[in-house]
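Worth knowing before you read on, the calculation uses all heavy atoms, side chains too, and leaves out hydrogens, waters and symmetry mates. Note on naming: letters A, B, ... go to the chains in the order of the sequence lines (proteins, then strands), and numbering restarts at 1 for each one. These numbers come from a predicted model, not from an experiment.
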Amino acid sequence: MPHLRGRLIQNAEFRQMRVLRGDADETVRRLVGRRITSLERRGKFIMMHLDGGGGIFTVHLGMTGRLLIGGEIGKHTHAILQLDRGVLTYDDPRQFGRLEWSAGVPRSVGKLGPEPLLVEFPEFWQTLHRRNTKLKALLLDQKFLGGVGNIYADEALFRARIHPFTTASKLSKPRAVRLYDAIRQVLAEAIEGRGSSVSDYVDADGRLGSFQQSHRVYQRHGEPCLVCCRPIRRTLVAQRGAHYCAHCQKR
DNA sequence: GACGATGTTGGCAC
DNA sequence: GGTGCCAACATCGT
């Protein structure tokens with residue numbers, strides 16, 4: 001968000017307390033009068049660093065959160081930050097997102113595993129091969145890798161030709177290499193396409209993503225596999241929809 | 001209108 | 001400690 005670096009927060013208002021961690025008045029006091037010096041992403045968290053040792057304002061978009069510059073204020077607008085240039089709003093119908101001011105790196109961010117695009121294979125393998133959980137569940141575990149969500153877990157497993165039910169510790173090293181490569185490839189492509197606009201996701205400028213056009217299994221259940229033409233299946237793993245091809249993805 | 005799906009995480013039970 | 005289940009919420013498609 002190049003719009004935010006260097007901006008002065010002139011005013012702040014929080015309307016829905018559910019998305020805000022901590023006290024609203026306290027958060028407003030911490031933000032107003034501060035300048036955003038830099039932005040940093042860790043996993044699915046966005047951290048805004050404030051000047052003069054002013055701490056960090058952290059945002060997690062949850063499933064339906066949006067941070068928009070100059071967006072309209074509607075019934076799901078839960079935070080409004082008046083900047084010296086423009087207005088930053090946080091919208092979130094389902095209110096699964098979180099906003100939080102903290103003096104240092106918040107606990108939620110501290111618990112995250114390594115960045116998927118930065119982690120080296122030996123570390124990835126070290127953790128993976130001693131976990132007894134299903135691979136799909138492990139990929140969704142933010143302590144394993146920070147930032148992999150449901151869409152990209154399914155897409156990575158398909159591209160690596162590995163069944164989502166496979167027990168992590170039973171995965172051979174060559175197949176782990178395939179998974180490692182697939183995760184990085186899928187994330188890099190998704191970033192290039194500015195995300196997946198499955199329903200109405202938009203980026204900071206209000207633009208739709210395009211990666212959903214590259215989905216090979218996610219939300220394609222019943223449709224033919226792009227490799228073998230057999231129907232894509234959908235089941236539940238860790239209470240989340242898991243989409244896969246039973247023929248192409250071996251356990 | 002009812003029902004079940006949806007991109008997430010944290011807390012609690014076993 | 002590792003793992004799994006559920007809740008929080010609004011909206012949309014069947």
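Within the structure, salt bridge (Lys or Arg N to Asp or Glu O under 4.0 Å) contacts touching residues 12-23 of chain A (residues at least two apart or in different chains) are A:E13-A:R15. Under the salt bridge (Lys or Arg N to Asp or Glu O under 4.0 Å) criterion, the residue pairs touching residues 158-176 of chain A are A:E155-A:R159, with sequence neighbours excluded. Applying the salt bridge (Lys or Arg N to Asp or Glu O under 4.0 Å) rule to pairs touching residues 240-251 of chain A yields nothing, sequence neighbours excluded. Counting only residues at least two apart or in different chains, salt bridge (Lys or Arg N to Asp or Glu O under 4.0 Å) contacts with residues 217-239 of chain A comprise A:R220-A:E223.
Here the separation of C:dG1 from B:dT9, taken at their P atoms, is 22 Å to the nearest Å.
By the salt bridge (Lys or Arg N to Asp or Glu O under 4.0 Å) test, A:K111 pairs with no residue at all, sequence neighbours left out. Take A:R194 and apply the side chain to side chain contact (heavy atoms under 4.5 Å, CB included) test, not counting sequence neighbours, and it matches A:D203, A:R207. Take A:R216 and apply the side-chain hydrogen bond (donor to acceptor under 3.5 Å, both in side chains) test, not counting sequence neighbours, and it matches no residue. Residues satisfying the side-chain hydrogen bond (donor to acceptor under 3.5 Å, both in side chains) test with A:T77, not counting sequence neighbours, are A:D91.
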message: Run the side-chain hydrogen bond (donor to acceptor under 3.5 Å, both in side chains) test on A:H60 and A:S108 for me, step by step, so that the C-alpha distance in whole Å, both residues' side-chain angles and the decisive distance to 0.1 Å come before the verdict.
response: CA-CA 10 Å; A:H60 189 297; A:S108 46; over 6 Å; no
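One distance of note links OH of A:Y180 with CH2 of A:W125; it measures 14.0 Å at 0.5 Å rounding.
Using a 4.0 Å heavy-atom cutoff across all strands shown, A:T64 reaches no nucleic acid atom at all. A:R66 comes within 4.0 angstrom of no nucleic acid atom, judged by non-hydrogen atoms across all strands.
Looking only at distances, a side-chain donor or acceptor of A:R178 sits under 3.5 Å from a matching main-chain atom of A:A160.
Interface residues of residues 121-148 of chain A facing DNA chain C, ordered by number: A:R131, A:N132, A:T133; criterion, heavy-atom separation under 4.0 Å.
For DNA chain C, the span of nucleotides reached by chain A at under 4.0 Å from its heavy atoms goes, 5' to 3', from C:dT3 to C:dT11.
A straight line from NZ of A:K111 to P of B:dT8 spans 16 Å, rounded to a whole angstrom. In this structure, A:K44 places its NZ atom 10 Å from P of B:dG10, rounding to the nearest Å. Nucleotide B:dT9 holds its C1' atom 9 Å from the CZ atom of A:F96, rounded to whole Å.
Relative orientation of the A:H243 and A:Y218 rings is perpendicular, given thresholds of 30° and 60° on the angle between their planes.
For A:H60, a side-chain nitrogen or oxygen approaches OP1 or OP2 of B:dT9 to under 4.0 Å.
Remark: DNA chain C forms stems of 3 or more consecutive Watson-Crick or G-U wobble pairs, all pair distances under 3.5 Å, at B:2-6 with C:10-14, B:8-14 with C:2-8.
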What's touching nucleotides 3-6 of chain B from the protein side, N or O pairs under 3.5 Å?
| unit_1 | atom_1 | unit_2 | atom_2 | d |
| --- | --- | --- | --- | --- |
| B:dA5 | O3' | A:R234 | NH2 | 3.0 |
| B:dT6 | OP1 | A:R234 | NE | 3.0 |
| B:dT6 | OP1 | A:R234 | NH2 | 2.6 |
| B:dT6 | OP2 | A:R234 | NH2 | 2.8 |
| B:dT6 | O3' | A:Y218 | OH | 3.0 |
| B:dT6 | O2 | A:R94 | NH1 | 3.3 |
| B:dT6 | N3 | A:R94 | NH1 | 3.3 |

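Linking Ile, Leu, Val, Met, Phe, Trp and Tyr whenever their side-chain heavy atoms come within less than 4.5 Å leaves A:I56 and A:Y90 in two separate clusters.
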